[in-house]
Amino acid sequence: MTKRLRKKFILINMLLVGTVLLVVFAAMCVSNYQKLVMDSMKVMERYFDDGGKRPVPKLDFEQKREWRDFPLSLSFCAVVDSDGKLVSYQSDNLNVSEETVTQAVNAATQKIEESGEKSGTLPGLGLRYMEKEHQGQRWIAFVDRTQEYTSMKSFLFSSLLVGSCALVALFVISFFLSAWVVRPVEKAWAQQKQFVADASHELKTPLTVILANTGILLSHPQDSIEQQKRWIQNTQEEAVNMKKLVDDMLFLAKSDAAVSLVYSEVNFSDVVWSSVLPFESVAFEQGLSLDSDIAENINFLGDEGKLRELVRILLDNACKYCAPKGKIFVRLEREGEKERFLLSVKNTVSEKMSEQELERMFERFYRADKARNREKGGYGLGLAIAKSIVDQHHGKISTSYPSEDEIAVNVQFRMKEQKK
C-alpha cells in the first residue's frame with residue numbers, strides 16, 4: 001500500500017509542478033515573442049517617420065543605456081505605385097538587390113489584397129512587412145525575421161533544458177521526500193496490523209476457554225449447577241476479562257476518533273489523593289510500600305473521570321511490575337513559575353529495561369514479557385490508554401530511570417490549559 005502511495009505522491013507532485021513550469025515558460029515565451037514583434041514594428045515604423053527621411057541614429061558607446069530603446073534588425077523599405085509596381089527602395093543597414101525587393105513587394109501586395117491586413121509576415125521569405133499610405137504613395141517596410149527565429153529558438157532550447165533539469169531534480173527530491181511523507185502512514189499501518197493481530201490473539205484465549213467450558217457443560221447435561229460450578233465460574237471470569245479488553249479497545253477507538261471530553265475545573269490534587277488511597281491496601285497485600293507527596297490545590301481544566309482513570313492506570317501498573325517488597329512513590333508538584341505541574345509515579349524494579357523497550361512502553365498491547373505472560377493480568381493497553389488521556393489534555397507523558405533500581409512514569413500538564 002505504501003509503495004502505491006509513494007508512486008501517487010511522486011506522480012501528483014510531478015504533474016502539479018510540471019504544470020506550473022509549463023504555464024510559466026509558456027507565459028515567458030509569449031512575452032518574449034511579443035517583445036521581438038514590437039522591436040520589429042519599431043524598426044519598420046522608423047521608415048515612415050518624416051517621410052522616410054529620418055536618419056538612422058548613431059549610438060554612443062558611452063551611453064549604452066540608450067541602446068535598449070533602439071532595436072537593431074536588418075530592414076529595408078519600398079515605395080510602390082497604385083498598381084503595386086516598385087518605384088524605389090532604401091535600406092539603412094542592408095545591401096539588398098532590386099530583384100529581392102521586387103519579390104518581397106509582390107508577396108506583400110498579394111497578401112494584403114487577400115487578407116486586407118496592413119501588416120503581417122511572409123514565411124516563405126522570412127520577412128515581416130508593414131504598409132502605410134504617404135503622399136499618395138504606398139510605402140511597404142520590411143524587416144528580417146532571422147533575429148526573431150534565433151531568439152525564440154535559443155529561448156525554447158534554454159527553457160527545455162532548464163525545465164528538464166528542474167523536473168529531474170524534482171523527481172529526485174520527490175522520491176526521497178515521499179519516503180519521509182509516508183513514514184507516518186507506514187508506522188500507522190504497521191501499528192494497525194499489529195493492533196488487529198494482538199487483539200485477535202488476546203480475544204482468542206478467553207474465547208477458547210469459554211468454548212471449552214461450555215463443551216464440558218454440554219457433555220454432562222445430567223449434572224447440577226453445583227457440580228459444574230468450577231466451569232461456570234471459570235467461564236464468567238474469562239467473560240469479565242474479555243469485556244474489560246473490549247472496553248479498553250473501545251476507549252482507544254473513541255480516542256482515535258477525537259471524541260470530545262467533558263471539561264470542568266478539576267482539583268487534581270484531590271483526584272490523586274482519592275486514587276492513591278484504594279491502592280494502599282493493594283500494595284499492602286502484595287508486600288509493597290506506597291508513599292506519596294502531593295502538592296495541594298492544583299487546579300486546571302480537564303475531564304475529571306479521565307484524569308482519575310489516568311492515575312489509577314499508573315498506580316495499577318506500578319503495583320503489577322514493582323519488585324518484590326519494593327517501594328512505590330507518587331509525587332505531584334508544581335514546576336517553574338506555577339504554570340506547569342508534574343505527576344510522577346515511580347516504583348522499584350528487579351531488572352532495568354532497555355531504551356528500545358522504554359520507547360515502546362506506550363504502544364498498544366506491548367509488554368516487555370516476550371512470552372506474553374498473563375500471570376499479572378492486563379493486556380498491555382493500560383499505558384496506551386494513559387497516553388491517550390494525556391494527549392487529549394495536551395500534556396506530555398514519558399518514562400525515566402531516577403536511579404538504577406527505579407523506573408518512573410512522568411506526566412506533565414499546564415495549569416492554564418484550556419479546552420481547544
Side-chain angles (χ1 to χ4, degrees), residues 188-259 261 275 278-279 281-288 303 305-306 308-322 324 347 350 353 357 360-389 391-392 409:
W189 179 250
Q191 289 178 341
Q192 181 181 358
K193 291 198 297 184
Q194 186 66 36
F195 180 81
V196 173
D198 291 339
S200 300
H201 177 88
E202 298 293 353
L203 288 170
K204 181 180 179 181
T205 301
L207 286 174
T208 301
V209 173
I210 291 173
L211 289 174
N213 291 341
T214 54
I216 294 174
L217 293 174
L218 290 174
S219 64
H220 299 83
Q222 71 280 0
D223 293 347
S224 63
I225 294 178
E226 181 65 27
Q227 291 175 314
Q228 300 294 339
K229 183 178 179 179
R230 173 187 174 186
W231 310 114
I232 295 174
Q233 289 179 338
N234 197 1
T235 300
Q236 186 180 28
E237 290 176 1
E238 292 298 332
V240 170
N241 291 335
M242 188 164 63
K243 181 180 182 301
K244 177 64 170 58
L245 173 59
V246 172
D247 289 341
D248 289 344
M249 293 170 60
L250 182 60
F251 177 89
L252 291 173
K254 289 181 178 179
S255 300
D256 292 340
V259 177
L261 304 181
S275 300
F279 277 91
S281 58
V282 175
F284 178 78
E285 291 178 0
Q286 297 180 10
L288 306 175
D303 189 312
K306 300 302 181 184
R308 197 177 299 276
E309 176 74 6
L310 167 66
V311 180
R312 189 197 66 78
I313 289 173
L314 297 182
L315 287 169
D316 181 64
N317 187 75
C319 290
K320 285 180 180 178
Y321 300 102
C322 186
N347 60 274
S350 302
M353 290 191 295
E357 289 175 328
R360 298 189 61 190
M361 278 188 63
F362 300 104
E363 292 183 9
R364 301 173 183 182
F365 291 107
Y366 178 76
R367 286 176 292 192
D369 185 0
K370 301 298 189 296
R372 305 183 69 83
N373 191 346
R374 297 178 59 191
E375 294 178 357
K376 297 182 179 180
Y379 297 93
L381 291 177
L383 290 180
I385 294 175
K387 183 178 185 305
S388 177
I389 295 173
D391 291 341
Q392 288 176 334
V409 179

Determine, step by step, whether Ile210 and Met242 satisfy the side-chain contact (heavy atoms from CB on, under 4.5 Å) criterion, reporting the C-alpha distance in whole Å, the side-chain angles of both residues, the deciding distance to 0.1 Å, and the verdict.
CA-CA 10 Å; Ile210 291 173; Met242 188 164 63; 4.1 Å; yes
Could you please spell out the steps behind the side-chain contact (heavy atoms from CB on, under 4.5 Å) verdict for Ile232 and Ile225?
CA-CA 8 Å; Ile232 295 174; Ile225 294 178; 3.7 Å; yes
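- How far CZ of Phe279 is from CG of Leu288: 12.0 Å, rounded to the nearest 0.5 Å.
- Residues Lys387 and Met361 fail the side-chain proximity criterion, which asks for heavy atoms closer than 4.5 Å.
- Taking CG of Leu315 as the start and SG of Cys322 as the end, the distance is 11.5 Å to the nearest 0.5 Å.
- Of all heavy-atom pairs spanning Ile385 and Ile313, the tightest one is CG2-CD1, 3.6 Å.
- We find the CD1-CG distance between Ile389 and Leu310 to be 5.5 Å, quoted to the nearest 0.5 Å.
- Nearest heavy-atom pair, Ser275 versus Val311, reported as atom, atom and distance to 0.1 Å: CB-CG1, 3.5 Å.
- For the atom pair Gln222 CD and Gln227 CD, the distance stands at 8.0 Å (nearest 0.5 Å).
- Annotation for Leu383 and Phe362: closest pair O-CD2, 3.6 Å, computed over non-hydrogen atoms.
- Scanning both residues, Asp303 and Gly305, for their nearest heavy atoms gives OD1-N, 3.1 Å.
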Between Arg312 and Glu309, is a salt bridge (charged side-chain N to carboxylate O under 4.0 Å, His left out) present by the stated rule, with each step listed?
CA-CA 5 Å; Arg312 189 197 66 78; Glu309 176 74 6; 3.1 Å; yes
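- Taking CD of Gln228 as the start and CZ of Arg230 as the end, the distance is 10.0 Å to the nearest 0.5 Å.
- Rounding to the nearest 0.5 Å places CD1 of Ile216 at 11.5 Å from CG of Leu211.
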